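Below is one structure, written out as structure tokens; the observations come after it.
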Amino acid sequence: MDRRNMLPIGQFSQASGLSVTALRHYDAAGVLVPAFVDPVSGYRYFRRDQVRTAQSIRALRQLDIPVEEVRRLLGGDEQELATALGRTCGRPSVGWNGSAPSSTAF
């Protein structure tokens, strides 16, 4: 393992804008898995190129997209992600669960 390209979880947290707690949660949920976990200490290390993915997760979660949906979107293609973001921003009239939104005005 080349640790020159790795960031320990604390440094990765600062670089990505996600808390250490959130990073542990996303690891457990399979959304953002560390590149290496020390077998003795359990300490997590992330590759520098994972920062962009972490920032995308942060942005999606700030839009209140559920973690399971974030995982699915990150595993899909860019068009699917763009369509989902459009739904979240209120463009199409279909909710996350496939149902039409309520007629209640905000």
Side-chain angles (χ1 to χ4, degrees):
M1 174 185 70
D2 181 14
R3 287 202 182 180
R4 290 174 292 179
N5 191 37
M6 299 284 207
L7 294 172
I9 194 169
Q11 288 178 9
F12 189 81
S13 171
Q14 290 176 342
S16 67
L18 291 172
S19 70
V20 171
T21 302
L23 290 169
R24 289 183 183 127
H25 174 70
Y26 296 142
D27 177 17
V31 176
L32 183 62
V33 178
F36 175 74
V37 178
D38 185 290
V40 175
S41 68
Y43 206 76
R44 295 163 173 87
Y45 293 87
F46 295 84
R47 291 185 320 273
R48 292 180 190 278
D49 64 2
Q50 289 180 287
V51 170
R52 177 164 277 183
T53 300
Q55 291 170 334
S56 296
I57 292 167
R58 186 171 142 240
L60 291 168
R61 292 294 294 138
Q62 286 176 334
L63 294 170
D64 292 328
I65 296 175
V67 173
E68 288 299 318
E69 185 71 8
V70 169
R71 183 176 63 203
R72 190 182 68 73
L73 290 170
L74 291 176
D77 62 15
E78 288 184 23
Q79 181 58 44
E80 184 179 14
L81 180 58
T83 300
L85 288 173
R87 283 195 311 252
T88 301
C89 295
R91 292 184 190 129
S93 60
V94 177
W96 282 110
N97 62 4
S99 64
S102 67
S103 60
T104 306
F106 292 99

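The analysis underlying the following values was restricted to heavy atoms, covering all of them including side chains, and did not include hydrogens, waters or symmetry mates. Residues: numbered from 1 along the sequence shown. As the structure is a prediction and not an experimental result, all values here were calculated from the model.
- Under the side-chain contact (heavy atoms from CB on, under 4.5 Å) criterion, Val33 pairs with Asp27, not counting sequence neighbours.
- Applying the ring-ring contact (aromatic ring centres under 6.0 Å, His included) rule to pairs touching residues 46-67 yields Phe12-Phe46, sequence neighbours excluded.
- Summarising the geometry of Gly10 relative to Val20, their closest heavy-atom pair is CA-CG2, 4.3 Å, with the distance given to 0.1 Å.
- Closest of all the heavy-atom pairs between Asp38 and Val40 is OD1-N, 2.7 Å.
- Each salt bridge (Lys or Arg N to Asp or Glu O under 4.0 Å) pair with one or both residues in residues 7-23, not counting sequence neighbours, would appear here, but there are none.
- Val51 and Ala15 get closest at one heavy-atom pair: CG1-O, 3.7 Å.
- A search for side chain to side chain donor-acceptor pair (under 3.5 Å) contacts involving Arg58 returns nothing, not counting sequence neighbours.
- Listed by first then second residue, pairs satisfying side-chain hydrogen bond (donor to acceptor under 3.5 Å, both in side chains) with a partner in residues 6-25 number zero, not counting sequence neighbours.
- Annotation: salt bridge (Lys or Arg N to Asp or Glu O under 4.0 Å) contacts of Arg48 (sequence neighbours excluded): none.
- Annotation: the span from Leu18 atom CG to Leu23 atom CG amounts to 5.0 Å, rounded to 0.5 Å.
- Ala59 meets the side-chain contact (heavy atoms from CB on, under 4.5 Å) test with no other residue; sequence neighbours excluded.
- Across Tyr43 and Pro8, no two heavy atoms sit closer than the pair CE2-CB, 3.5 Å.
- Within the structure, no pair that satisfies the salt bridge (Lys or Arg N to Asp or Glu O under 4.0 Å) test touches residues 9-22, not counting sequence neighbours.
- Tracing side-chain contacts under 4.5 Å through hydrophobic residues (I, L, V, M, F, W, Y), one never reaches Ile9 starting from Val37; they form parts of separate clusters.
- Applying the side chain to side chain donor-acceptor pair (under 3.5 Å) test to Glu68 and every residue at least two apart in sequence or in another chain returns Arg71.
- Not one N or O on the side chain of Glu69 forms a donor-acceptor pair closer than 3.5 Å with the backbone of Pro66.
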